[in-house]
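Let me begin by presenting the structure, written as structure tokens, before commenting on it.
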Amino acid sequence: MANKGLLSCPELKYVYSICQDRNTEDSSDHRHAFLELILFERGKGIHSVNGRLHPFRQGSIALLSPTDAHGWKNCENSSHDCTKIKL
């Protein structure tokens, strides 16, 4: 599977992208115009979703709708790796 790219799933008739973000730094709250599924692969921190704080670590998953505002803060001035599927 490609690192970044646009893929099509004919059975579902949707277009989606998959990207792997490495060494991701802190992010302020923001929204997207698409669904987003995030798999946290390395690191730990706090994921803010609509003002609620959720700890994340390796193996954590988040599913976000276009109405969700989210951002994150890594623990101990570190970073994290994640794979994102955008629908």
Side-chain angles (χ1 to χ4, degrees):
M1 187 167 296
N3 233 6
K4 292 186 181 254
L6 193 61
L7 304 173
S8 176
C9 182
E11 296 83 13
L12 297 175
K13 296 183 175 59
Y14 287 116
V15 175
Y16 59 92
S17 70
I18 299 174
C19 67
Q20 294 176 323
D21 291 341
R22 299 293 177 239
N23 299 312
T24 306
E25 297 180 358
D26 292 354
S27 166
S28 57
D29 283 1
H30 60 280
R31 286 186 169 88
H32 303 285
F34 46 81
L35 289 170
E36 184 174 44
L37 178 66
I38 303 172
L39 169 61
F40 294 96
E41 297 179 77
R42 182 191 63 81
K44 60 182 179 177
I46 300 295
H47 189 203
S48 168
V49 180
N50 299 324
R52 297 185 70 185
L53 304 179
H54 305 276
F56 71 83
R57 59 181 168 77
Q58 181 179 347
S60 296
I61 296 176
L63 176 61
L64 305 162
S65 75
T67 60
D68 292 327
H70 78 112
W72 50 82
K73 181 161 180 56
N74 294 299
C75 287
E76 303 161 3
N77 296 321
S78 65
S79 63
H80 68 272
D81 296 344
C82 62
T83 296
K84 298 176 181 176
I85 301 174
K86 302 172 184 183
L87 299 164

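Taking the side chain as every heavy atom from C-beta outward, Asp81 and Asn23 approach each other to under 4.5 Å. The shortest distance between side-chain heavy atoms of Thr83 and Cys19 does not fall below 4.5 Å. Proximity of Ile85 to Phe34: side-chain heavy atoms (C-beta onward) are nowhere separated by under 4.5 Å. Glu41 places a side-chain heavy atom less than 4.5 Å from the side chain of Arg22. Side chains of Ser48 and Leu53 form a contact here, defined as non-hydrogen atoms less than 4.5 Å apart.
For NZ of Lys44, the number of neighbouring non-hydrogen atoms (other residues, nucleotides, ligands) closer than 6.0 Å is 12 at most.
Of the residues Leu39, Ile38, Ile18, the one that meets the side chain to side chain contact (heavy atoms under 4.5 Å, CB included) test with Lys84 is Ile38.
In this structure, NE2 in His54 is found 11.0 Å from OG in Ser60, a value given to the nearest 0.5 Å. From Asn50, atom CG reaches atom CG of Asp68 across 4.5 Å, with rounding to the nearest 0.5 Å.
Connection of Leu37 to Leu35 is established within a shared hydrophobic cluster, with ILVMFWY side chains joined at heavy-atom distances below 4.5 Å, either directly or through further cluster members.
With His30 contributing its side chain and His70 its backbone, the two residues share a donor-acceptor pair below 3.5 Å. Remark: the backbone N or O of Glu25 is paired with a side-chain donor or acceptor of Trp72 at under 3.5 angstrom.
Contact detail for His80 and Gly43: the closest heavy-atom pair is CB-CA, 4.1 Å.
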